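Here is the structure we will look at.
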Amino acid sequence: MPSEPAPTPRTLVLGGARSGKSAFAEDLACAGGLPVRYLATAEFDPADTDFADRIAAHRARRPADWTTVENGDPVEVLAEETPATLLDDLGTWLTARLDARAAWEAPRGTVGPDTDALVAAVAAYRGRLVIVSPEVGLGVIPATRSGRLFRDEIGTLNQRLARVCDAAYLVVAGLPMRLK
């Protein structure tokens, strides 16, 4: 992966599945040698061995000196600034919020209070912050209502975060492209 300059204070990294977005974000987060706090949003389910393998791969890649917060509320975690924070990823966070609000069949915007709070926390954060989020708007229209709901909610959240972040990248086939 090409070497990138140290990130600006708030950086959004977008990409599709297996695009290399997390590895790129990890490189950005540790640029400059600052201690990194890793906020992992995925909820571990031992019955889902495929997802457990993905989580294990992420854990194995992380340097031993990083602090890891698993399943923490990003709004609460971001209230305490550290030199560098990596939030990976918003797709699993949004899924958990949709589950918590039983919003899969509810009107769009039901998770609005959660996304509003997250955007405000990101805008207020003054340390180095790298956020990983899926870009899902480049593919086919999902066949299910829940798929369309997720696509619409994450697309809107990504737009809002791109506005408050200082930089944004799109990672495709392991290649980062700076958008902002």
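These numbers were taken from a predicted model, which means no experiment stands behind them.
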Stepwise salt bridge (Lys or Arg N to Asp or Glu O under 4.0 Å) test for Asp114 and Arg101: CA-CA 10 Å; Asp114 301 303; Arg101 290 191 178 270; 2.4 Å; yes
Go through it in stages, so that I can follow the logic: the residues are Asp116 and Arg160, the test is salt bridge (Lys or Arg N to Asp or Glu O under 4.0 Å), and I'd like the CA-CA distance, side-chain angles, deciding distance and then a yes or no. CA-CA 9 Å; Asp116 291 348; Arg160 294 179 66 200; 2.9 Å; yes
Looking only at atom types and distance, does a side-chain atom of [X] sit under 3.5 Å from a main-chain N or O of [Y], one as donor and one as acceptor?
{"X": "Thr95", "Y": "Gly91", "answer": "yes"}
{"X": "Arg145", "Y": "Trp104", "answer": "yes"}
{"X": "Lys180", "Y": "Ala162", "answer": "yes"}
{"X": "Asp99", "Y": "Ala102", "answer": "no"}
{"X": "Lys21", "Y": "Gly16", "answer": "yes"}
{"X": "Arg148", "Y": "Ala143", "answer": "yes"}
{"X": "Glu153", "Y": "Val111", "answer": "no"}

Flag the pair [X] / [Y] as yes when at least one side-chain heavy-atom distance between them is below 4.5 Å, and no otherwise.
{"X": "Glu70", "Y": "Tyr38", "result": "no"}
{"X": "Val171", "Y": "Leu14", "result": "no"}
{"X": "Asp73", "Y": "Val77", "result": "no"}
{"X": "Leu90", "Y": "Val132", "result": "no"}
{"X": "Pro134", "Y": "Ile154", "result": "yes"}
{"X": "Leu39", "Y": "Pro74", "result": "yes"}
{"X": "Thr67", "Y": "Val36", "result": "no"}
{"X": "Leu12", "Y": "Tyr169", "result": "no"}

Determine the minimum heavy-atom distance between [X] and [Y], stating which atoms define it.
{"X": "Arg128", "Y": "Cys30", "result": "NH1-C, 4.4 Å"}
{"X": "Ala29", "Y": "Ala84", "result": "O-CB, 3.8 Å"}
{"X": "Arg151", "Y": "Ile141", "result": "NH1-CG2, 3.6 Å"}

State whether a side-chain donor-acceptor pair under 3.5 Å links Thr85 with Tyr125.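 Per modelled atom types, Thr85 and Tyr125 side chains form a pair under 3.5 Å.
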Any chance the side chains of Asp88 and Ser22 put a donor and an acceptor closer than 3.5 Å?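 On atom types as modelled, these side chains qualify, holding a pair under 3.5 Å.
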Distance in Å, [X] [atom1] paired with [Y] [atom2], rounded so as to fall on 0.5 Å steps:
{"X": "Leu157", "Y": "Asp152", "atom1": "CG", "atom2": "CG", "answer": "12.5 Å"}
{"X": "Leu34", "Y": "Thr82", "atom1": "CG", "atom2": "OG1", "answer": "9.0 Å"}
{"X": "Thr110", "Y": "Glu105", "atom1": "OG1", "atom2": "CD", "answer": "11.0 Å"}
{"X": "Trp66", "Y": "Leu86", "atom1": "CH2", "atom2": "CG", "answer": "5.5 Å"}
{"X": "Thr144", "Y": "Leu149", "atom1": "OG1", "atom2": "CG", "answer": "9.5 Å"}
{"X": "Asn71", "Y": "Trp93", "atom1": "CG", "atom2": "CH2", "answer": "14.0 Å"}

Applying side-chain hydrogen bond (donor to acceptor under 3.5 Å, both in side chains) to Asn158 and Ser133, what does each step give before you reach the verdict? CA-CA 7 Å; Asn158 287 344; Ser133 189; 2.6 Å; yes
Which of these, Arg10, Arg37, Glu81, sits in a side-chain contact (heavy atoms from CB on, under 4.5 Å) with Leu129?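 Checked Arg10, Arg37, Glu81 against Leu129; only one passes side-chain contact (heavy atoms from CB on, under 4.5 Å): Arg10.
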Would Leu161 and Val122 count as a side-chain contact (heavy atoms from CB on, under 4.5 Å) if you check the C-alpha gap in whole Å, the side-chain angles of each, and the deciding distance to 0.1 Å? CA-CA 8 Å; Leu161 288 171; Val122 168; 3.9 Å; yes
Crowded around Arg126 CZ? As in, over 12 foreign heavy atoms under 6.0 Å?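 Yes, enclosed.
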